[in-house]
Amino acid sequence: MLQIYNSLSGKKEQFIPIEPGKVKMYVCGMTVYDYCHIGHARVLVVFDVINRYLRKLYGDENVTYVRNITDIDDKIIARAIENGEDIGTLTQRFIDAMHEDADALGVMRPDIEPRATEHMDNIINMIQTLIDKGMAYQGDNGDVYYQVSQFKDYGKLSKKNLEDLQSGSRVEVEQAKRDPADFVLWKMAKPGEPFWESPWGQGRPGWHIECSAMSKQCLGEHFDIHGGGLDLKFPHHENEIAQSEGCSGHKFVNYWIHNGFVRVDDEKMSKSLGNFFIIRDVLKNYAPEVIRYFILNSHYRSPLNYSDENLDRAKASLSTLYQSLLDIEPADAPLDENSDYAKRFFQAMDDDFNTPKAISVLFDMSHELNRLKNSDKAQAQKLAAQIKHLAHILGLLEKDPQAFLQSGAGEGGLSDDEINDLIAQRAQAKADKNWAESDRIRDVLVAADILLEDTPEGTRWRRK
RNA sequence: GGCUGGAUGGCAGAAUGGCUAUGCAGCGGAUUGCAAAUCCGUGGAUCUCGGUUCGACUCCGGGUCCAGCCUCCA
């Protein structure tokens, strides 16, 4: 039975879908004005695995995964002006880049990927409903605000109350607001800014209302899972609840899932701190699955410390798994869900997506596979197939083992041909029992981060 | 100031009221021309102080330290 830690209640709860057998999940995606960094990679990968696992449990056709794109907001406008670039061109450029990065990381595309600018009617309707219900008002400056005091449950997700918020407020209070905690639903356009027509004048939506409108449109007023990074819990998700429940008058989301931060030197990786690493830069030095392994080797709610050392370690660990799959053709067999390994794997995943524990099962399988390879080829092939099936749920071990182990040719490094050439020379030296020469060649390769393994079938190589 | 969450071996990182996590690194052995890979074996941990208990790393309370949120942020 799947248990999910629900940020709303602060405990693990049994997952029961609203509509039996069907799951609806919405995850806050990117605001597209820059390249995605490793923090974004974590959201992409974590919810990709949750999506994969839900599909495994409920069937592909019974899971609807929505991940939105925010393609209009202040930062986008600012960046477009800064670049002297048209907003549409800017956002499309970074949407394409995001897709490239996500695809590279083996992240499955969501079923629906709504964009804020394509949901303007829904956004405006929702704001109008809130005004009609007396939960929103237009300020003197023309902006429309949500009146937080009208929503009695405000703060239930982030466990904050209005008094605490006000006393700790670090923001300058906008004069037009009736209460400092009120937040903007519709913002008037300044001269030169992009705008949409609305009953309140030309303007654009606030960030929070976009997600309320898009999730309602794609999944309805009440759905199962809403996810995102921990930093969205407040105010973004809190405000979504206020808007959506204020509008519908009933519960918005049953399970809230928040993933932890990526840290650098024990500090949150973020754009404001400037300590972020762009996915595409990291991909120059590390294979995509190494990044996935690195992310999934910690529980999704724990902090994740980014460092080259940790990525190197991830690579070494993943290589060990791949190593066991070398020289073995996995049997053409489906996943045996009754095997002890599969049961342990599913048990781990059922326990709030405990991927580190699930990975440890893969290692146990890998060790048995190594033993089996020399004793029982047929059994080994069956086991290899099982490993691949389970790893697939995590999006790992999807590559050809040899290709993975030999990947990573950096600039200035030896080419595959040069390596094979040196190995041939060394084979001759070995045949001549000229150990000094064969060791010299091996040292040359090691210096270039090429590791050799002599096997009965010949010499094999991989990149460190 | 208010509110969250966390502190596990050299490092990364799970679990658990008494029983091997796992990985990387280390050590011993097998194997190898020597290595590597692999196999077999092995050392090493639960921030601190109290309490509950036959027994706590695990539950409770105090403390210390760390991170996050209260502004945009995945």
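Nothing here was measured: the structure is a model prediction, and the numbers come from that model. The figures that follow rest on heavy atoms only: side chains count, while hydrogens, waters and symmetry mates do not. Chain letters run A, B, ... following the sequence lines, proteins first, then strands; residues in each count from 1.
- With both pairing distances under 3.5 Å, B:G5 is matched to B:C66 as a Watson-Crick or G-U wobble pair.
- Contact annotation for A:Gly260: base contact, defined as any heavy-atom pair under 4.0 Å involving a base atom.
- Only one option out of A:Ser215, A:Pro114, A:Cys218 pairs with A:Asn68 in a side chain to side chain contact (heavy atoms under 4.5 Å, CB included); it is A:Pro114.
- Under 4.0 angstrom from either OP1 or OP2 of B:C69 there lies at least one side-chain N or O belonging to A:Lys268.
- With a 3.5 Å ceiling on both atom-pair distances, B:A56 lacks any Watson-Crick or G-U wobble partner.
- Among the heavy atoms of the strands lying under 4.0 Å from A:Asp439 is at least one base atom, whether or not backbone atoms are also near.
- B:G18 and B:G26 have their C1' atoms separated by 30 Å, with the value rounded to a whole Å.
- B:C72 atom P lies 11 Å from atom CZ of A:Phe183, rounded to whole Å.
- Of the nucleotides present, none pairs with B:A74 by Watson-Crick or G-U wobble criteria with both distances under 3.5 Å.
- In this structure, A:Lys271 forms a cation-pi arrangement with A:Tyr33, its terminal cationic atom sitting closer than 6.0 Å to the ring centre and no more than 45° off the ring axis.
- With a cut-off of 3.5 Å on both Watson-Crick or G-U wobble distances, the partner of B:U42 is given as B:G26.
- Contact of A:Lys271 with B:C72 (side chain to base): no donor-acceptor pair of N or O atoms is detected under 3.5 Å.
- Residue A:Lys160 places its side chain closer to B:G2 than to any other of B:G2, B:A74, B:A12.
- Comparing the P positions of B:U4 and B:U8 gives an interatomic distance of 22 Å, to the nearest angstrom.
- Side-chain proximity of A:Asp266 to B:C72, B:A67, B:C24: nearest is B:A67.
- Heavy atoms of A:Ser270 sit under 4.0 angstrom from at least one base atom.
- In this model, no side-chain donor or acceptor of A:Arg313 finds a partner on the base of B:A12 within 3.5 Å.
- Rounded to whole angstrom, the span from the CG atom of A:Leu304 across to the P atom of B:A74 amounts to 17 Å.
- OP1 or OP2 of B:C39 has at least one side-chain nitrogen or oxygen of A:Asn370 nearer than 4.0 Å.
- Remark: the separation of the C1' atoms in B:A15 and B:G23 is 15 Å, to the nearest Å.
- Between A:Met188 and A:Glu193, the closest side-chain pair of non-hydrogen atoms is not below 4.5 Å.
- Across all strands shown, A:Gly39 has heavy atoms under 4.0 Å from base atoms, whether or not it also approaches the sugar-phosphate.
- What separates CD1 of A:Ile441 from P of B:A36 is a distance of 19 Å, to the nearest Å.
- Here A:Ser438 lies in heavy-atom contact (under 4.0 Å) with a base.
- Using a 4.0 Å heavy-atom cutoff across all strands shown, A:Val27 reaches no nucleic acid atom at all.
- Distances shown here put every side-chain N or O of A:Ser158 at or beyond 4.0 Å from the OP1 or OP2 atom of B:C3.
- Rounded to whole Å, the distance from CG on A:Leu230 to P on B:A74 is 13 Å.
- Contact between the side-chain N/O atoms of A:Arg462 and the OP1/OP2 oxygens of B:A36 is not found at any separation under 4.0 Å.
- With values rounded to the nearest 0.5 angstrom, A:Leu311 atom CG is found 5.0 Å from A:Tyr286 atom OH.
- For the pair A:Arg204 and A:Phe195, the NZ or CZ position fails the cation-pi test of under 6.0 Å to the six-membered ring centre and within 45 degrees of the ring normal.
- Rounded to whole Å, the separation between the C1' atoms of B:U16 and B:U22 comes to 15 Å.
- Nearest nucleotide to the A:Phe261 side chain, out of B:C70, B:G33, B:G68: B:G68.
- Following rounding to the nearest Å, A:Glu453 (CD) and B:G33 (P) show an atom-to-atom distance of 16 Å.
- Rounded to whole angstrom, the span from the CZ atom of A:Phe277 across to the P atom of B:A74 amounts to 18 Å.
- Among the heavy atoms of the strands lying under 4.0 Å from A:Asn259 is at least one base atom, whether or not backbone atoms are also near.
- Across all strands shown, B:A35 remains unpaired; no Watson-Crick or G-U wobble contact has both distances below 3.5 Å.
- Between the A:Tyr322 side chain and the A:Ala403 main chain, no donor and acceptor come within less than 3.5 Å of each other.
- Closest to the side chain of A:His37, from the set B:A74, B:U22, B:C40, is B:A74.
- Checking B:A14, B:C40, B:A74 against the side-chain heavy atoms of A:Arg371 singles out B:C40 as nearest.
- Across all strands shown, A:Lys159 has heavy atoms under 4.0 Å from sugar-phosphate atoms exclusively, and none from any base.
- Less than 6.0 angstrom separates the ring centroid of A:Phe252 from the ring centroid of A:Phe223.
- A close approach under 4.0 Å does occur between a side-chain nitrogen or oxygen of A:His367 and OP1 or OP2 of B:G23.
- Heavy atoms of A:His236 sit nowhere under 4.0 angstrom from any nucleic acid atom.
- Distance noted for atom C1' between B:U64 and B:C47: 8 Å (whole Å).
- The P atoms of B:C11 and B:G44 are separated by 16 Å, rounded to the nearest whole Å.
- Toward the 5′ end of RNA chain B lies the nearest nucleotide of A:Ala436, the other residue of the pair A:Ala436 and A:His40 mapping further downstream.
- Residues A:Ser298 and A:Tyr300 have side chains not in contact (no heavy-atom distance under 4.5 Å, counting atoms from C-beta outward).
- Base-pair partner of B:A21: not found among the strands shown (Watson-Crick or G-U wobble, both distances under 3.5 Å).
- Contact of A:Asn161 with B:G2 (side chain to base): no donor-acceptor pair of N or O atoms is detected under 3.5 Å.
- Taking atom P on both B:G9 and B:U58, the two are 15 Å apart, rounded to the nearest angstrom.
- Among the protein residues, A:Ser302 comes within range of the sugar-phosphate backbone only, with heavy atoms under 4.0 Å from sugar or phosphate atoms but none that close to a base.
- Spacing between B:U53 and B:A45 at atom P, rounded to whole Å, works out to 29 Å.
- Between B:U22 and A:Ser366, no contact under 4.0 Å exists linking OP1 or OP2 to a side-chain N or O.
- Distance from the side chain of A:Asn354 is smallest to B:A14 among B:A21, B:A14, B:A37.
- You'll find the side chain of A:Ser317 reaches within 4.5 Å of the side chain of A:Tyr293, heavy atoms only.
- Looking only at distances, no side-chain donor or acceptor of A:Arg263 sits under 3.5 Å from a matching main-chain atom of A:Met269.
- Here A:Arg426 lies in heavy-atom contact (under 4.0 Å) with a base.
- B:A67 atom C1' lies 13 Å from atom CG of A:Asp231, rounded to whole Å.
- As a whole-Å value, the separation of A:His237 NE2 from B:A74 C1' is 9 Å.
- One cannot find a donor-acceptor pair under 3.5 Å joining the base of B:C69 and the side-chain atoms of A:Lys233.
- Within 4.0 Å (heavy atoms only), A:Asp312 reaches no atom of the nucleic acid at all.
- Heavy-atom distances to RNA chain B give each of A:Leu232 and A:Arg263 a nearest nucleotide, and the one nearer the 5′ end belongs to A:Arg263.
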